[in-house]
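Every number for a ligand or one of its atoms is a count from 1 in the order of the listing.
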Amino acid sequence: MTKIITNIQQLVNLRTESQPLRGSQLADLPCLQNAYLVLEGEEIAGYGEMKDLHGTKTVFGNEVIDAKGATVLPAWCDSHTHIVFAASREAEFVDKIKGLSYAEIANRGGGILNSAAKLNATNEDALFASAWKRLEELSRLGTGAVEIKSGYGLSVEGELKMLRVIRRLKEKSNLSIKSTFLGAHAYPLQYREHHDGYIDSIINEMLPVIGREALADYIDVFCETGFFSPEEMEKVCRAGMQWGLKPKLHVNQLNSIGGIEKGIDLGALTMDHLETVTEEDIEMLAGVKPTFSGNLWKGISTLLPSAAFFLRMPLQPARRLIDSGAAVALASDYNPGSSPSGNMNLVVALSCIQMRMLPQEAINAATLNGAYAMGLGNELGSISIGKKANLIFTKPIPSLAYFPYSFGSNLIDRVMIRGEWIS
Ligand code: NIG
Ligand code: FE
């Protein structure tokens, strides 16, 4: 079925060829004014200016959709989330208001361990149902692709249960989903003084099942003081890589302890968070030119501003990273502890308002670079012939900058995933 979308005020992020954008490339966001767009089934098949759309293209049998002056963007590609969880954690939110830090809450058994206890007591169907609702909400907010991590099981059964939930989400949803194994998210209490025992369980009990059943696309480790050291991260990643899982890592959220250097060494696809970075860390991230290796790019710096915002931390140094040449992506980190929101519109707005990213840079980082940050750059993230028709249609807006500027308004009129409207 051919669909012709007419009267698009502005068609955003048009690319004939693409690769991850770094440094000054991020500010270049190719757009077409007064445009039409042609879809064949679930893919983008063509586009052009309205003045060039002649009768032949609107022949009988094609569905014509009048965009009525909407701006059309590629749907958001959210490359870092934890949307499979059993319960919210607003009591900790109140504790933080009263003055406790994220690390203090974690140290007294709250935080990730709190989520793990609840997840292990919840069955797979219930986890699936709640994650499905979150996924539906995300698609209404304009997200068309999501990476989802395990990491709240911290036991063989719990981690496998989470990954099976993600597999069911992949099977049922129209959204493009990638799955990441984050068994190394925190040490369960019984392994607090016995790290090797838990790492052994990850390597010898979890990974073989995950590998054999192809339950994950990537491997992640929370490299942080009080969690996993760079050396422990390396051990876990190297074992995951034996099963074909490329690293996508949590580094430098609270402390700079060598995670970036190790991540680059491991050829990580992405290094995520980056709230706490030294000048040397920035140089290292800027110096790692994204290269194509083993079917995937590597060396993308993913910023999660809503996590920094929610934890009342200084936001990531996006300006310094971009100005030094880094390939920056943006993601929501949607999780119950540090970012109980998966709203990428807010992420884009925060990036412009608090991190001084230009609207063009933020949109590129949340679409094309987000797609590359989860290995989907060939099929998503820009308006390109052959890519999936995952599209945001805005309400009438005077300019693209109005979108992040008007941060409290819902400016999305409707969303299309793989050529179909979402309800
Ligand atoms: O990305 N920092 C580690 N993991 C999550 C938070 C997990 C939690 O608090 O539940 C994050 O921020
Ligand atoms: Fe995270």
When the ring centroid of His195 is compared with that of Tyr187, is the distance short of 6.0 Å?
yes
Which is closest to atom 7 (C) of ligand 1 by heavy-atom distance: Phe227, Phe85, Phe222, Tyr152?
Tyr152
Fit a plane to each ring of Tyr198 and Tyr191, take the angle between them on a 0 to 90° scale, and name the class: parallel (under 30°), tilted (30 to 60°) or perpendicular (over 60°).
tilted
With distance as the sole criterion, is a donor-acceptor pair present between the side chains of Asn364 and Asn13 under 3.5 Å?
yes
for atom 6 (C) of ligand 1, nearest protein heavy atom and its distance come out as Tyr102 OH, 3.2 Å
Closest protein heavy atom to atom 11 (C) of ligand 1, given as residue, atom name and distance to 0.1 Å:
Asp333 OD2, 3.1 Å
Any side-chain donor near an acceptor of the partner, His273 and Asn252, under 3.5 Å:
no
If you take the centroid of each ring, where Trp contributes its six-membered ring, are Phe228 and Phe222 closer together than 6.0 Å?
no
List the closest protein heavy-atom neighbour of atom 4 (N) of ligand 1: residue, atom name, distance to the nearest 0.1 Å.
His185 NE2, 2.8 Å
What protein heavy atom sits nearest atom 2 (N) of ligand 1, and how far away is it?
Gln253 OE1, 2.6 Å
Anything protein N/O/S under 2.8 Å from the Fe ion (ligand 2)? Just list residue and atom, please.
His80 NE2, His82 NE2, His250 NE2, Asp333 OD1
We want to know whether His250 and His185 form a side-chain donor-acceptor pair, criterion being a heavy-atom distance below 3.5 angstrom.
no
Can you report which non-hydrogen protein atom sits closest to atom 12 (O) of ligand 1, along with the distance?
Ser338 OG, 2.5 Å
Could you check whether the rings of Phe128 and Trp132 sit parallel, tilted or perpendicular, using 30° and 60° as the cut-offs?
parallel
Less than 6.0 Å separating the ring centroids of Phe393 and Trp421?
yes
For Leu358, does its backbone N or O pair with a side-chain atom of Glu361 as donor and acceptor, under 3.5 Å?
yes
What part of Glu224, side chain from CB on, backbone N/CA/C/O, both or neither, has a heavy atom under 4.0 Å from ligand 1?
neither
Close-contact set for ligand 1 against His273 heavy atoms, below 4.0 Å:
1 (O), 2 (N), 11 (C), 12 (O)
With Thr276 as reference, evaluate Gln316, Glu224, Met313 under the side chain to side chain contact (heavy atoms under 4.5 Å, CB included) test and give the passing residue.
Met313
